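Residue numbers begin at 1 in each chain, while the letters A, B, ... track the order of the sequences. Since the model is a prediction, treat every value here as computed from it, not as a measurement.
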Protein chains: 2
Amino acid sequence: MNKTIYDVAREAGVSMATVSRVLNGTAVVKDETKAKVQAAIDKLGYRPNAVARGLASKRTKSIGVVLPDVSDLFHAEVLRGIEDIATMYQYHIILANSDAREDREIDLIGTMWEKQVDGLIFISERITPNIVKTFELAQLPVVLCATDDPEGRIPAVSIDNKLAGTDATNYFLHLGMDKIVFLGGPTTHPITMERLAGYERALAESGRELDTTLVLHAKDQHYEAGYKISNEFLDAGHTADAVVATSDELVLGYLNAVRDRGGKAPDDVLLLSFENTRLTTMIRPELTTIAQPTYDLGAVSMRLLTKLLRGESIEEYTVLLPHSILERTSTKR
Amino acid sequence: MNKTIYDVAREAGVSMATVSRVLNGTAVVKDETKAKVQAAIDKLGYRPNAVARGLASKRTKSIGVVLPDVSDLFHAEVLRGIEDIATMYQYHIILANSDAREDREIDLIGTMWEKQVDGLIFISERITPNIVKTFELAQLPVVLCATDDPEGRIPAVSIDNKLAGTDATNYFLHLGMDKIVFLGGPTTHPITMERLAGYERALAESGRELDTTLVLHAKDQHYEAGYKISNEFLDAGHTADAVVATSDELVLGYLNAVRDRGGKAPDDVLLLSFENTRLTTMIRPELTTIAQPTYDLGAVSMRLLTKLLRGESIEEYTVLLPHSILERTSTKR
DNA sequence: ATGAAAGCGCTAACAC
DNA sequence: GTGTTAGCGCTTTCAT
């Protein structure tokens with residue numbers, strides 16, 4: 001496979017410029033010579049070297065994806081959406097895990113620049129001023145994905161988290177639930193705070209007081225953290241009629257804490273979560289969720305990025321994907 | 001950030017070769033000049049262009065990872081292992097999903113060559129002669145990961161699937177179980193067949209007949225397929241004392257089929273699966289599994305690849321990672 | 001419609 | 001210990 005464009009040119013009896021033209025369709029080539037070139041390519045089994053091409057053209061056809069952790073189901077599904085659209089547009093993915101650490105994130109933006117990616121899709125828990133500064137320094141087209149944009153200055157694809165928080169809470173309110181727990185990530189997690197704001201709004205609109213003992217902030221969005229804080233909540237003698245949790249794993253933590261005490265869902269508590277990963281239907285009871293279009297979050301981000309790369313004008317900087325409530329057995333009595 | 005090495009050289013009053021040397025530590029440079037160069041780099045905010053570097057050195061410091069589907073939890077965890085070790089050795093990951101389709105896999109090996117990756121980690125359900133041929137054509141260092149090697153000619157990191165199948169079955173046999181279901185992927189899936197061979201061996205060694213109605217082949221390794229075939233099995237009036245399933249999702253399918261009929265685990269049936277993804281502890285009952293070192297499968301593969309890349313001699317082509325049985329509540333009465 | 005030639009930004013001999 | 005000089009394999013003017 002290690003032939004060069006020059007070998008093909010000689011084999012076909014044309015110049016390398018012509019070979020380049022048929023390869024890229026960058027100019028009109030007579031059908032006859034095109035055929036000759038194609039024949040030479042096939043004969044030699046020639047494959048263009050993307051690195052050389054990248055250096056010469058200054059476009060690498062690869063895009064960077066920075067996310068906290070691929071082994072998190074939500075991210076993995078988003079990534080799959082990114083990948084599929086990238087493939088469709090002939091882009092490749094350079095993947096990097098940040099563990100949601102700002103220093104790693106900033107570092108990775110730099111290495112993505114070094115790799116000369118054409119653009120970047122960035123999934124993070126928290127966009128800080130330092131990160132924004134690094135984006136500007138790197139002069140990379142960036143799309144934020146499933147990530148709250150601080151000042152709305154960076155193109156982003158997300159859902160309306162505050163509204164979703166309100167919808168989730170109202171859903172339980174309409175069901176006549178009284179003690180509704182909000183179970184989210186830490187207070188430093190903007191998405192959690194958005195959803196919490198929605199929760200508070202729904203309570204206020206229904207004329208209720210906010211009971212802060214019902215607001216639970218887990219260490220992070222994962223199962224273990226949810227399980228831990230739920231146990232603490234229940235051990236303290238508290239109970240709840242319903243739980244709104246910001247991730248599928250968190251709500252599973254609550255569910256199992258209840259189960260470990262001999263309780264059941266939906267009999268003893270109604271459960272609702274926010275991600276709609278495949279987890280929701282793999283467990284019993286199946287989970288009612290705010291259906292975030294996980295895959296689409298990635299797919300739309302990538303599509304937006306291709307527009308940016310083609311220099312198309314973007315009407316809206318922040319794309320809010322619609323969410324909906326998917327009722328499953330975890331909220332049916 | 002778009003300075004070149006030449007700018008740095010001029011700023012520091014040295015040649016670009018010297019800058020390259022301090023950048024790569026490829027030759028001894030006087031401390032004094034080294035400091036000058038470093039100062040220039042810092043002042044200009046210079047970052048080396050990895051593409052140019054790749055073209056000149058013929059090493060890109062990136063490795064390709066081809067796997068069926070990132071959004072599969074098992075693959076995502078393996079990928080995380082790969083990524084961590086890759087980062088440690090300063091490699092980057094170019095990721096591609098194959099959907100386990102041979103044509104895509106072959107195609108992707110080609111595009112990975114075009115991208116000039118230094119090496120390839122390949123996760124597949126099935127290594128065909130065509131794939132092996134493409135590996136040879138591409139002349140890429142390849143490590144198979146969690147993938148059955150047909151002729152043992154390609155470096156691979158895996159577990160001893162047959163032995164694991166035997167261990168799993170014996171575990172139930174020792175527990176006095178009688179009707180043990182084997183629930184796996186399709187018969188075209190080599191890993192399923194290896195584990196099935198282990199299952200059959202264990203039965204034979206205990207002097208039992210193989211009851212083929214207890215051998216279930218789902219369409220694939222996913223939850224939905226497991227749920228479907230389990231329902232068919234139960235609808236046909238069959239029952240089982242215990243289930244050995246080749247993936248965590250498959251066994252969840254069986255569990256939920258039983259539950260939908262009012263049954264319970266471990267009360268009515270004991271369950272054991274094979275992957276030990278995070279799923280196993282997120283559900284109730286927690287699943288007893290053959291603990292495949294998921295993360296390590298990726299990590300060790302990547303480590304093996306770095307050895308290959310450094311031209312180190314490899315003692316053993318096939319690395320078999322140890323497995324063990326992790327007893328959890330799904331097999332405790 | 002095609003060819004010649006100049007880079008892209010770096011590494012790696014080869015000199016000194 | 002440091003500088004000079006070819007390339008790496010391609011794209012892209014600029015001619016023709």
Side-chain angles (χ1 to χ4, degrees), chain A residues 1-38 40-41 44-62 90 110-111 113-118 138-139, chain B residues 1-38 40-41 44-62 90 110-111 113-118 138-139:
Chain A
M1 276 193 185
N2 34 14
K3 310 281 176 223
T4 76
I5 198 172
Y6 186 70
D7 297 323
V8 176
R10 199 165 36 186
E11 177 75 29
V14 299
S15 75
M16 30 189 299
T18 302
V19 178
S20 174
R21 286 181 188 113
V22 343
L23 238 35
N24 301 296
T26 166
V28 195
V29 178
K30 218 197 300 176
D31 278 357
E32 189 186 339
T33 47
K34 202 184 286 185
K36 275 196 304 187
V37 170
Q38 194 55 56
I41 289 175
L44 299 179
Y46 168 76
R47 286 262 193 175
N49 179 325
V51 175
R53 187 179 264 187
L55 181 59
S57 70
K58 295 178 161 302
R59 284 180 296 105
T60 54
K61 280 274 158 191
S62 58
Q90 318 252 53
T111 48
W113 182 91
E114 290 188 358
K115 286 281 181 183
Q116 300 285 105
V117 295
D118 294 342
Q139 299 192 69
Chain B
M1 276 194 187
N2 34 14
K3 309 282 176 222
T4 75
I5 198 171
Y6 186 69
D7 297 323
V8 176
R10 198 165 38 187
E11 177 75 29
V14 299
S15 75
M16 33 190 295
T18 301
V19 178
S20 175
R21 285 180 189 115
V22 344
L23 239 35
N24 301 295
T26 165
V28 195
V29 179
K30 217 198 298 177
D31 278 357
E32 189 186 339
T33 47
K34 201 183 286 185
K36 275 196 303 188
V37 170
Q38 194 55 55
I41 289 176
L44 299 178
Y46 167 77
R47 285 265 194 174
N49 179 324
V51 175
R53 188 179 262 187
L55 182 59
S57 69
K58 294 176 160 304
R59 284 179 297 105
T60 54
K61 280 275 159 192
S62 58
Q90 319 251 53
T111 48
W113 183 90
E114 290 189 357
K115 286 281 180 182
Q116 299 287 104
V117 295
D118 293 343
Q139 299 191 70

Considering only side-chain heavy atoms of [X], which listed nucleotide, [options], is closest?
X        : options                  : answer
Pro48(B) : dG3(C), dC10(C), dG9(C)  : dC10(C)
Val14(A) : dG3(C), dT12(D), dC10(D) : dG3(C)
Ile5(B)  : dT2(D), dG3(C), dC10(C)  : dC10(C)
Thr4(B)  : dT12(D), dG9(C), dA12(C) : dG9(C)
Tyr46(B) : dT11(C), dC10(C), dG9(D) : dC10(C)
Ala52(A) : dA4(C), dA12(C), dG9(D)  : dG9(D)
Ser20(A) : dG9(D), dT11(D), dA12(C) : dT11(D)
Leu55(A) : dT2(D), dG9(C), dT12(D)  : dG9(C)
Met16(B) : dC10(C), dG3(D), dT11(D) : dC10(C)

Taking atom [atom2] of [N] as reference, at what distance in whole Å does atom [atom1] of [X] sit?
X         : N       : atom1 : atom2 : answer
Asn24(A)  : dA1(C)  : CG    : C1'   : 17 Å
Lys34(A)  : dA1(C)  : NZ    : P     : 10 Å
Leu23(B)  : dT2(D)  : CG    : C1'   : 16 Å
Arg59(A)  : dC8(C)  : CZ    : C1'   : 13 Å
Tyr6(B)   : dT4(D)  : OH    : C1'   : 12 Å
Trp113(A) : dC10(C) : CH2   : C1'   : 12 Å
Asn2(A)   : dG9(D)  : CG    : P     : 9 Å
Lys61(B)  : dC10(C) : NZ    : C1'   : 16 Å

Enter the distance from [X]:[atom1] to [Y]:[atom2] here, rounded to the nearest 0.5 Å.
X        : Y        : atom1 : atom2 : answer
Thr18(A) : Lys34(A) : OG1   : NZ    : 12.0 Å
Arg53(B) : Arg59(B) : CZ    : CZ    : 10.0 Å
Thr33(B) : Arg21(B) : OG1   : CZ    : 10.0 Å

Using only side-chain N and O atoms of [X], determine if any of them is under 4.0 Å from OP1 or OP2 of [N].
X        : N       : value
Ser15(B) : dT2(D)  : no
Arg53(B) : dG9(C)  : no
Lys58(B) : dA12(C) : no

Might you point out which heavy atoms bring [X] and [Y] nearest each other, and give the distance in Å?
X         : Y         : result
Thr60(B)  : Val117(B) : OG1-CA, 3.7 Å
Glu114(A) : Arg47(B)  : OE2-NH1, 3.1 Å
Lys58(B)  : Asp118(B) : O-OD1, 4.5 Å

* Position toward the 5' end of DNA chain C (nearest nucleotide), Arg21(A) or Ala56(A) -> Arg21(A)
* To do: Let me know, please, whether Ser57(B) or Thr18(B) comes out on the 5' side of the other along DNA chain D by nearest nucleotide.
  =>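 Counting from the 5' end, the first nearest nucleotide belongs to Thr18(B).
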* Sugar-phosphate only, base, or nothing, as touched by Thr26(B) at under 4.0 Å among non-hydrogen atoms ->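 Answer is nothing: Thr26(B) stays at 4.0 Å or more from every strand.
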